Amino acid sequence: LIGIGGVTDSGDPARNVETAAALIDSPNAALGAAQSMGRGWTQARVESGVSVAPVGQSNVVGVTATAPSPADAARLANAFATAALTDRNAIVQRNLSSELTQLKARQAALTSPNGAVGQDLATRINALESIQASNRDPTLALAAQAQTPSSPTGASASLIVLLALLGGAALGAVAALLLERFSGLVRDENEVSSLIRAPILAGVPKLSRAQMRTTLSPDSLPPAVFEQFRLL
């Protein structure tokens, strides 16, 4: 099967499956899956929603799809796997036709068709014609259809909200401690007393912008403000 585009045995099973995964995960497969999924699906969207990887130590390649709904996820995985096999079959068939043309030309040029070389060529031609008649890549096959998942993957929404609340509370506590530690603002009378270590005689209340515009003389100050100035 060397030269027809299928997965050839490298002697390392793990490497064989990695090669198969690389062949399956192709732009043509993503494009074919997008066309199969229909409106709203593009090659880029399929590529971002599908991952292809070997399954454990087996000779199986897993196609995993992520979509907004369970049905779409299963449909996308199946569409991608089908498109990938269709693409591989087309490549194998194209290579088979080219290889058979060359082999038959060599066979026709033999002066002794029944010799050892002729028999080897006839055996290879028969094998390749058998593969060509099957119209599929003999090294890849769909092992199982993807089933609609019963639950979403990853953390649940309630867990995400809980973790977000805990994270927000922790960040808020740290921010408050840092602000308390490094801020130079004096917030109340107790802090003033602790800083200057002397009694507070008076404190002038803060006026609003409207009060400041209407206050033209000490007599027009609000009573509470005037009393503080008087004490000071």
Side-chain angles (χ1 to χ4, degrees), residues 1-39 41-65 72-147:
L1 301 179
I2 295 177
I4 68 169
V7 182
T8 56
D9 188 3
S10 65
D12 182 358
R15 184 177 178 183
N16 294 342
V17 181
E18 290 175 357
T19 301
L23 293 175
I24 292 171
D25 193 7
S26 67
N28 285 341
L31 179 59
Q35 294 172 347
S36 177
M37 293 294 291
R39 185 176 182 180
W41 288 90
T42 63
Q43 178 180 341
R45 184 182 178 186
V46 171
E47 289 175 341
S48 64
V50 172
S51 62
V52 180
V55 179
Q57 301 298 318
S58 67
N59 63 344
V60 176
V61 174
V63 176
T64 305
D72 281 346
R75 194 161 66 93
L76 178 57
N78 289 326
F80 188 91
T82 301
L85 289 180
T86 300
D87 179 53
R88 296 310 310 167
N89 293 345
I91 293 173
V92 167
Q93 290 299 317
R94 185 167 61 249
N95 292 338
L96 278 173
S97 297
S98 176
E99 182 75 6
L100 284 170
T101 299
Q102 296 180 25
L103 291 176
K104 289 179 179 179
R106 289 174 55 190
Q107 187 183 46
L110 291 176
T111 56
S112 178
N114 296 325
V117 175
Q119 291 179 357
D120 289 341
L121 285 175
T123 300
R124 179 162 175 76
I125 289 172
N126 290 335
L128 294 183
E129 286 179 339
S130 176
I131 296 172
Q132 189 179 45
S134 68
N135 196 30
R136 57 176 295 270
D137 181 349
T139 62
L140 293 173
L142 186 63
Q145 291 277 343
Q147 302 300 316

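Sequence positions, counted from 1, serve as the residue numbers for this chain. All figures in this text were calculated on a predicted structure; none of them were measured in a lab.
Across every non-hydrogen atom of E47 and P27, the tightest pair is OE2-CA, 3.9 Å. The heavy-atom pair separating A146 from A77 by the smallest distance is CB-CB, 3.8 Å. The minimum heavy-atom distance linking V92 with P138 is given by the pair CG1-CD, 4.3 Å. Contact between R136 and I131 at its shortest, heavy atoms only, is O-CG2, 4.1 Å. Closest approach of G49 to L76, counting heavy atoms only: O-CD2, 4.3 Å. Taking both residues in full, the closest heavy atoms of D137 and R88 are given as OD2-CB, 3.9 Å, listed atom of the first, atom of the second, then distance.
Remark: side-chain polar atoms of N126 are paired, donor with acceptor, to backbone N or O of A122 under 3.5 angstrom.
Residue I24 holds its CD1 atom at 8.0 Å from CZ of F80, rounded to the nearest 0.5 Å. Distance CD/Q132 to CG/N95: 11.5 Å, rounded to 0.5 Å. Taking CZ of R15 as the reference point, atom CG of D9 lies at 10.5 Å (rounded to 0.5 Å). Distance check, rounded to the nearest 0.5 Å: CG of L128 to OG1 of T123 gives 11.0 Å. For the atom pair OG (S130) and CD1 (I125), the distance works out to 13.5 Å, reported to the nearest 0.5 Å. Atoms CD and OG, on Q93 and S98 in that order, are 12.5 Å from each other to the nearest 0.5 Å.
Considering T8, V7, N16 as possible partners of T139, the one that fulfils the side-chain contact (heavy atoms from CB on, under 4.5 Å) test is V7.
Residues L85 and L142 form a side-chain contact, since some pair of their non-hydrogen atoms from C-beta on lies under 4.5 Å apart. Looking at heavy atoms from C-beta onward, R75 lies out of side-chain contact with N78 at the 4.5 angstrom threshold. Contact check for T19 versus L23: side-chain heavy atoms found under the 4.5 Å cut-off. Inter-residue side-chain proximity for R124 and E99 is flagged as met; some heavy-atom pair is nearer than 4.5 Å.
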Less than 3.5 Å apart, which donor and acceptor atoms pair up between the side chains of residues 50-59 and the rest of the protein, not counting sequence neighbours?
| unit_1 | atom_1 | unit_2 | atom_2 | d |
| --- | --- | --- | --- | --- |
| S58 | OG | V55 | O | 2.6 |
| S58 | OG | V60 | N | 3.2 |

Hey, can you pull the donor-acceptor pairs under 3.5 Å for the side chains in residues 30-39, sequence neighbours left out?
none

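Between K104 and E129, at least one side-chain N (NZ, or NE/NH1/NH2) sits under 4.0 Å from a carboxylate O, which counts as a salt bridge.
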